[in-house]
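Here's the structure, in structure tokens; my notes come after.
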Amino acid sequence: SRWTPRLTGAGVGGPAQPATEENSLIESRPSDAQASRCDVLVIGGGPAGSTISALLAERGYRVTLLEKAHHPRFHIGESLLPANLPLLERLGVANEVRRIGMMKWGAEFVSPWHENTSTFRFSEAWNKSMPYAYQVRRSGFDEILIRNAARKGAETLVVNKSELLE
């Protein structure tokens with residue numbers, strides 16, 4: 001089959017971990033009629049795609065999320081900012097992110113051209129209620145978010161890039 005297995009909301013839960021037959025529901029390629037029945041098609045299962053998929057699925061939209069790789073997958077990043085924390089709470093993933101993250105209280109920028117540094121403490125920012133954020137491994141962060149989208153009802157399909165062009 002051209003389509004690789006998909007994750008769906010049923011059977012996917014708990015903290016993010018590598019997909020196995022025991023912790024995810026694997027299904028075969030949907031029929032053409034099933035594949036065309038969605039209100040919103042989201043391409044890309046990174047933070048933005050997984051977040052909008054979860055939020056729309058929560059509101060009752062039929063969401064299909066297409067991703068090019070199985071999670072967890074390597075990706076550079078991720079340095080979260082304090083303003084991300086309320087959204088993580090809203091999505092219901094704050095505790096999972098807290099478990100995989102390293103708390104950070106600010107950032108320091110250094111230049112390779114001079115000895116000056118700039119330090120920013122989150123507690124001194126415009127919103128004093130958000131004095132910290134997290135540094136997370138991007139692969140784990142992305143997996144938490146895409147599994148959350150599936151838990152909330154988004155149909156999550158892993159497809160090859162070439163299949164998207166057909």
Side-chain angles (χ1 to χ4, degrees), residues 1-73 75-101 122 125-127 129-130 132-161 163-166:
S1 144
R2 301 180 315 141
W3 292 79
T4 52
R6 65 181 175 160
L7 296 174
T8 62
V12 178
Q17 52 189 301
T20 66
E21 287 185 35
E22 297 161 3
N23 70 8
S24 65
L25 179 62
I26 305 292
E27 297 182 11
S28 60
R29 179 179 185 242
S31 70
D32 289 337
Q34 289 172 318
S36 65
R37 279 191 237 145
C38 69
D39 298 316
V40 180
L41 176 65
V42 178
I43 300 175
S50 294
T51 295
I52 195 62
S53 294
L55 293 172
L56 290 171
E58 262 186 343
R59 291 182 179 203
Y61 290 94
R62 294 172 301 179
V63 178
T64 298
L65 170 59
L66 302 181
E67 169 55 41
K68 66 182 175 186
H70 290 278
H71 287 271
R73 57 171 173 46
H75 217 292
I76 299 294
E78 183 71 28
S79 182
L80 301 177
L81 294 172
N84 297 127
L85 302 183
L87 178 58
L88 299 175
E89 290 285 346
R90 166 73 180 82
L91 291 169
V93 297
N95 287 333
E96 290 176 83
V97 172
R98 193 172 297 118
R99 279 193 293 275
I100 68 162
F122 297 140
W126 62 272
N127 187 338
S129 70
M130 297 184 281
Y132 65 91
Y134 295 101
Q135 181 73 33
V136 295
R137 182 172 287 161
R138 177 71 187 268
S139 58
F141 182 63
D142 285 5
E143 187 176 18
I144 287 170
L145 294 176
I146 201 167
R147 286 182 171 278
N148 186 58
R151 262 194 314 270
K152 302 227 176 190
E155 180 179 38
T156 306
L157 302 172
V158 178
V159 298
N160 295 321
K161 285 188 242 181
E163 293 175 306
L164 295 176
L165 300 175
E166 292 179 7

Backbone N/O of [Y] and side chain of [X]: donor-acceptor pair under 3.5 Å:
X	Y	result
Asn148	Val93	no
Asp142	Ser139	no
Glu67	Ala69	yes
Thr64	Leu41	no

Could you pull out the closest heavy-atom pair between [X] and [Y], with the gap in Å?
X	Y	value
Arg138	Gly46	NH2-CA, 4.3 Å
Phe141	Ile100	N-CD1, 3.7 Å
Met130	Ala83	SD-CA, 3.8 Å
Pro82	Ala133	N-CB, 3.5 Å
Gly60	Asp39	O-OD2, 4.4 Å
Leu80	Val97	CD1-CG1, 4.0 Å

Value rounded to 0.5 Å, distance of [atom1] in [X] from [atom2] in [Y]:
X	Y	atom1	atom2	result
Ser79	Gln135	OG	CD	4.5 Å
Ile144	Asn95	CD1	CG	10.5 Å
Ser53	Leu65	OG	CG	4.0 Å
Glu78	Asn84	CD	CG	7.5 Å

Of all residues at least two apart in sequence or in a different chain, which pass the ring-ring contact (aromatic ring centres under 6.0 Å, His included) check with Tyr134?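 Partners of Tyr134 under the ring-ring contact (aromatic ring centres under 6.0 Å, His included) test: Tyr132.
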Electrostatic pair Glu96-Arg147, nearest N-O below 4.0 angstrom: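 A salt bridge is absent here (no side-chain N lies under 4.0 Å from a carboxylate O).
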Arg137 and Glu143 ion-paired at < 4.0 Å: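 Judged by the 4.0 Å cut-off on N to carboxylate O distance, Arg137 and Glu143 do not form a salt bridge.
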Decide if atom CZ of Phe122 counts as having more than 12 heavy atoms of other residues, nucleotides or ligands within a radius under 6.0 Å.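 Yes, because the 6.0 Å sphere around CZ of Phe122 holds more than 12 heavy atoms from other groups.
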Looking at side-chain heavy atoms only, is the closest gap between Leu55 and Leu91 below 4.5 Å? yes
